[in-house]
Asks: 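Mind looking over this structure? Questions follow.
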There are 2 protein chains.
Amino acid sequence: MATDDLDDEIHALLRREDQRYTKGRRALVATLRAEGQPVTIPQILDASDGLAQSSVYRNLVVLEEAGVVTRIVTNDDFARFELAEQFTHHHHHLICSSCGDVVDFSLDDQAEAGLDEALHDVAEQAGFTVEAHRLDLVGTCADCD
Amino acid sequence: MATDDLDDEIHALLRREDQRYTKGRRALVATLRAEGQPVTIPQILDASDGLAQSSVYRNLVVLEEAGVVTRIVTNDDFARFELAEQFTHHHHHLICSSCGDVVDFSLDDQAEAGLDEALHDVAEQAGFTVEAHRLDLVGTCADCD
DNA sequence: TAGCTGTTGAAAACAATTCTCATTCTGATT
DNA sequence: AATCAGAATGAGAATTGTTTTCAACAGCTA
Ligand SMILES: [Zn+2]
Ligand SMILES: [Zn+2]
Ligand SMILES: [Zn+2]
Ligand SMILES: [Zn+2]
């Protein structure tokens, strides 16, 4: 997605929540976009220059509520953040239980479709309204092996 | 699984880590077993009488390291714990983003097998050593709807 | 420009979890 | 059974990722 289109959509999502698309929020989005993988807040503070920690925490909450950003919580100390799937693509995560690193992966369409169908049945039977499904592989990454 | 057999296996797992299967740890296991669903530490403290908070936190770490107990972390404030799958059965979770409740569910064998195969391929290609896969449905439970 | 409202940054507050340490328990050995 | 060394416990303090506070600031509208 082109930067301008992405910014327009984000602007719209934020406006829907009566929130502005400020400089700090733009910087956050730019950082997440540049990284392309889930990042922790310390990583964001290192990578982007001059952002205040409190604003980063606060703005990630705002962006998450607006549907711009997704929070990934693992057993690691820090939460991780990435652009929401609507700005990237549906995917899942490899979570290294040794170094804590989180990396995206995708399932092939057929497997994803099969999974979706099975989950749909489960949710229906449980009277559960599905917002999203989350699939992670937990183990050891190539670097840590 | 009979209580005695379960206790024997847990005893063995703990011994492997040079840990004892003490009264407090037995009480924890009994509580998790009685609940049958993932529980938070406040819930454990309420349900079981006389356990010290610090010991519960500490013993859940020990039991988790020994492979007796699984920690479930969500966006909720509290981590949740349940008996490890080897003492129950492989399953997944419905996570209510409204009340935070976590409930078990299972996929039918065919869907689970298909998923496993797809994940195996992914892991192999990424050089990732899989310990477990984790599949959650995030949404709203029947009570909160 | 003036005024209104949302945002920022620094620091304080918060809360789940972990750590400390003096005491108590365990269990192996005599 | 008695002993003793090491492990576990409980109460509270400390830690730490995150949230909140609040005074100063920036963006929008008239
Ligand atoms: Zn790793
Ligand atoms: Zn991702
Ligand atoms: Zn609910
Ligand atoms: Zn479960």
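Chain A is the first sequence line, chain B the second, and so forth, proteins listed ahead of strands; every chain is numbered from 1.
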Asks: Below 4.0 angstrom from OP1 or OP2 of dT8(C), is there any side-chain N or O of Arg25(A)?
Replies: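 Checking dT8(C) against Arg25(A), a side-chain N or O does come within under 4.0 Å of OP1 or OP2.
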Asks: Specify whether Phe105(B) and His92(B) have parallel, tilted or perpendicular ring planes, treating 30° as the upper limit for parallel and 60° as the lower limit for perpendicular.
Replies: tilted
Asks: Are Phe87(B) and Leu32(B) side-chain neighbours, meaning at least one heavy-atom pair lies under 4.5 Å?
Replies: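 No, too far: nothing below the 4.5 Å cut-off.
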Asks: To the nearest 0.5 angstrom, please state how far the CZ atom of Phe78(B) sits from the CD1 atom of Ile41(B).
Replies: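 Separation between the atoms: 8.5 Å.
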Asks: Atom CD of Glu65(B) to atom P of dA7(D): distance rounded to whole Å?
Replies: 15 Å
Asks: For Ser55(B), answer base if it contacts any base atom (sugar-phosphate contacts may also be present), sugar-phosphate if it contacts only those atoms, and nothing otherwise; contact means non-hydrogen atoms under 4.0 Å.
Replies: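 Contact class for Ser55(B): base.
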Asks: Can you tell me if His93(A) and Asp104(A) form a side-chain donor-acceptor pair at under 3.5 Å?
Replies: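 Yes.
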Asks: Tell me the interatomic distance from Leu60(A), atom CG, to dT20(D), atom P, rounded to whole angstroms.
Replies: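 To the nearest whole Å, that distance equals 14 Å.
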Asks: Take the protein atom CG of Leu14(B) and the nucleotide atom C1' of dG27(C), then report the distance between them rounded to whole Å.
Replies: 16 Å
Asks: Output the single nucleotide from dT18(D), dA11(C), dG10(D) whose closest atom is nearest the side chain of Ser54(B).
Replies: dG10(D)
Asks: Should Asn59(A) be listed as having a side-chain N or O under 4.0 Å from OP1 or OP2 of dT8(C)?
Replies: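 Result: yes.
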Asks: Rounding to a whole Å, what distance do you find between Asp49(B):CG and dG10(D):P?
Replies: 12 Å
Asks: So, is Thr22(A) close to the dT8(C) phosphate, meaning a side-chain N or O under 4.0 Å from OP1 or OP2?
Replies: yes
Asks: Name the closest nucleotide to the Arg58(A) side chain, picking from dT8(C), dT18(D), dC19(C).
Replies: dT8(C)
Asks: Want to settle it: does Arg20(A) or Val61(B) sit nearer the 5' end of DNA chain C, counting the closest nucleotide to each?
Replies: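 In this pair, the answer is Arg20(A).
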Asks: Taking CG from Asn75(A) and P from dA16(C), how many angstroms apart are they, rounded to a whole number?
Replies: 18 Å
Asks: Could you give the CD-to-C1' distance, from Gln53(B) to dA14(D), as a whole number of Å?
Replies: 14 Å
Asks: Nearest 0.5 Å, what's the OG1-CZ distance between Thr74(A) and Arg134(B)?
Replies: 7.5 Å
Asks: For the pair made of CG in Asp18(B) and C1' in dT26(C), what is the distance, rounded to whole Å?
Replies: 14 Å
Asks: Using only side-chain N and O atoms of Tyr57(A), determine if any of them is under 4.0 Å from OP1 or OP2 of dT19(D).
Replies: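 No, no such contact exists.
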Asks: Ignoring backbone atoms, establish whether Gln19(A) has a side-chain N or O less than 4.0 Å from OP1 or OP2 of dT7(C).
Replies: yes
Asks: Can you measure Leu51(A) atom CG to dT18(D) atom P for me and round it to whole angstrom units?
Replies: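 In whole Å, dT18(D) P and Leu51(A) CG are 16 Å from each other.
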